[in-house]
Peer 1: 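There's a structure below that I have some questions on.
Since we're looking at a predicted model, the values are computed, not measured. The chains referred to below are lettered A, B, ... by the order of the sequence lines, with proteins before strands, and numbering in each begins at 1.
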There are 2 protein chains.
Amino acid sequence: MGDKTRERVKRVATDIGFRPNALARGLLSKRSFTIGLLTNDTYGRFTLPVMAGVSEALVDHGVSVFLCAIEDDPALGQIHVEAMLDKQVDGIIATGKRMDRSLPVDLSNLSVPVVYAFTEGTPNSVIFRSDDAHGAALAVEWLQSIGRRWIVHVTGPKDFFSVRERADAYSIAAGECQQVLYGVWSESWGHEAVGLLWERAGDKPDALFCGNDQIARGTVDALRERGIKVPEDVSVIGFDNWEIVAAQTRPPLTTVDMELKELGRQAGLTVLALAEGRPVEPGVRKLPCRLVVRQSCGGEPSKE
Amino acid sequence: MGDKTRERVKRVATDIGFRPNALARGLLSKRSFTIGLLTNDTYGRFTLPVMAGVSEALVDHGVSVFLCAIEDDPALGQIHVEAMLDKQVDGIIATGKRMDRSLPVDLSNLSVPVVYAFTEGTPNSVIFRSDDAHGAALAVEWLQSIGRRWIVHVTGPKDFFSVRERADAYSIAAGECQQVLYGVWSESWGHEAVGLLWERAGDKPDALFCGNDQIARGTVDALRERGIKVPEDVSVIGFDNWEIVAAQTRPPLTTVDMELKELGRQAGLTVLALAEGRPVEPGVRKLPCRLVVRQSCGGEPSKE
DNA sequence: CTGAAAGCGCTTACAG
DNA sequence: CTGAAAGCGCTTACAG
């Protein structure tokens, strides 16, 4: 009962590697120290960085994350949500592959806090997203700063909200000479767009601002096949900073990074705050993008 | 106390959406219905399909999965393992990005079952991996079946076990004319290899069997730049079936799929079996690969 | 067959 | 300040 006994108990406890049962603790504290990450992004292109940020932010607080990939299947979504609720998750983060679509499952009346990241949320919820207008402006301004004057925007389908948002920001920044070509999110569309631009009469652009890295890669390949030098003759800039595409393009792509990991970090900290009852303002939070300078534009890779 | 009361209780229970607290159940049953997936594969190229398979296999059994990305950081690995143990996971699946390296964390004396999938395991553990020799044989035999005779193997670094395994299988199947070019896992190595092969004197190969889809893409692009037609003049086959690379190559790549999702499914079911005390034979289980026929080889896309 | 009690592994509030 | 009891939400084994 004395100090020595106390000491000995403590020592033995650590010696045999005693670890308290988190389930039993959770029963009392009403906290499971787990959260769920729900996504319909099968490829993981957007979800992986978000997940990395969430995990990084929460591991220090002892919380683990359930990853639930639900495709676009409402039934599967329902099953996963119920499984998470049964396991008493402290909160749920919903994430996806585009900002203007919601997951195929209703998260609006759950007993646990929900935060939306890179997917559409319900009114009055907490929503994190990238500031695509800012990203587009970064791209255009960079091209202008290295002397480009006739910048064409080759992008994805017009029904994407982020496509319209980027195109609008481009329009404001691009000046007098401007043109937007809408298409699909593929390399072949990039090819095709170069065909359209270079086979018509008149001046050719000296820069292409592409809606994603795949389109950018397509344009770079198409330009090379036409004997046009990137970046000497034409600068090309991408969007997404998807390593595997951006870094393997020849030359490697200068591109806009949406800072999804940081977005995940903030979503993680926010859901934790809500779980602990701390007040959080609802609303949309737009996170700034970051320009990643490689070699497809020319210019110094030292700006950032 | 009568049947009516019983009925009424049941009805009310479902009406108000009563769901038993899994934490409390776990306290009794010694089962948490959670497992942990530990990985050092940051890109998620291999982990995502494995994860999808694990999740798909286990969701029906009510088990959720903690995803823990530990990079190559032993300290982080330790933290995540302890967090999982605290949360009483029923088992752990370790996965990674190559078969001949182990995760930077010791899983050999845990109180819960461990299954290894696409990463090196400890002796006497249960290990799932793809049968790369089978995959290589599939590739070579397909090329031969469509009439190719002089097949060169352009692959990754020789210190990868899977590289040696595939090269050996290639050697056995390729017949008299054979050559292996070791390099790195990049498109530019594919380019370079085409340069080496086509700038030397003598006969040129009529087929390239590449060690991954990135190398294959590099060779296809390099061949096109030389005016050599794929698949008319040369067939190219990849490895990994990494959609984003294989499908966007022009022409889309015929490639070998390692069936990682199925590997994940089996790993999931196996760790569940172990958790339930069912007997499982230790040892390495090699899963067959599958040929995915697209257009980079020619031949009919109907075989499979 | 029904209903009350004991117990899973902890923590918290309360007597001594 | 120390130690025993009560209780988190369930399930299981045991009396009635």
Peer 1: Do the charged groups of B:Lys87 and B:Glu82 touch, with an N to O distance under 4.0 Å?
Peer 2: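 Salt bridge between B:Lys87 and B:Glu82, a charged N being under 4.0 Å from a carboxylate O: no.
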Peer 1: Can you tell me which residue among B:Lys286, B:Arg290, B:Arg265 is in a salt bridge (Lys or Arg N to Asp or Glu O under 4.0 Å) with B:Glu259?
Peer 2: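 Of the listed residues B:Lys286, B:Arg290, B:Arg265, the salt bridge (Lys or Arg N to Asp or Glu O under 4.0 Å) partner of B:Glu259 is B:Arg290.
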Peer 1: Rounded to whole Å, please give me the gap between CG in A:Leu23 and C1' in C:dG7.
Peer 2: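 After rounding, the gap between these two atoms is 16 Å.
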Peer 1: Nearest-Å distance, CD (A:Gln88) to C1' (D:dG9)?
Peer 2: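 That distance rounds to 9 Å.
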Peer 1: Is the distance from OP1 or OP2 of D:dT11 to the nearest side-chain N or O of B:Arg25 less than 4.0 Å?
Peer 2: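 For D:dT11, OP1/OP2 do have a side-chain N/O of B:Arg25 under 4.0 Å.
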Peer 1: Can you tell me the distance, in whole Å, between the CG atom of B:Leu28 and the P atom of D:dA13?
Peer 2: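 Rounded to whole Å, this separation is 10 Å.
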Peer 1: Can A:Arg285 and A:Asp131 be counted as an ion pair, charged N to O under 4.0 angstrom?
Peer 2: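 Result for this pair is no, no salt bridge flagged.
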Peer 1: Quick one: label B:Arg19 by what it contacts on the DNA or RNA (base, sugar-phosphate, nothing), any heavy atom closer than 4.0 Å.
Peer 2: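 It contacts sugar-phosphate atoms only.
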Peer 1: Within 45° of the axis and under 6.0 Å from the centre of the six-membered ring of A:Phe161, does NZ or CZ of A:Arg164 qualify?
Peer 2: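 Output no; distance or angle outside limits.
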Peer 1: To the nearest Å, give me how far apart CG (B:Asn21) and P (C:dG9) are.
Peer 2: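 Result: 16 Å.
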Peer 1: Would you say the ring centroid of A:Phe118 lies under 6.0 angstrom from that of A:Phe128?
Peer 2: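 Here the rings of A:Phe128 and A:Phe118 have centres that are no less than 6.0 Å from each other.
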Peer 1: Taking a pair as Watson-Crick (N1 to N3 plus N6-O4 or O6-N4) or G-U wobble (N1-O2 and O6-N3), both under 3.5 Å, which stems of 3 or more consecutive pairs involve DNA chain D?
Peer 2: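 Runs of three or more consecutive pairs: C:1-3 with D:14-16, C:5-12 with D:5-12, C:14-16 with D:1-3.
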Peer 1: Closest to the B:Leu27 side chain: C:dC8, C:dC10, D:dC10?
Peer 2: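 The nucleotide sitting nearest to the side chain is C:dC8.
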Peer 1: Does A:Lys97 come within less than 4.0 Å of A:Asp72, counting only side-chain N to carboxylate O?
Peer 2: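 A salt bridge is present here (some side-chain N lies under 4.0 Å from a carboxylate O).
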Peer 1: Nearest whole angstrom, please: distance from the C1' of D:dC8 to the CZ of A:Phe33.
Peer 2: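 About 15 Å, once rounded to whole Å.
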Peer 1: What is the separation between atom NZ on A:Lys30 and atom P on C:dT11, rounded to the nearest whole Å?
Peer 2: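 To the nearest whole Å, that distance equals 15 Å.
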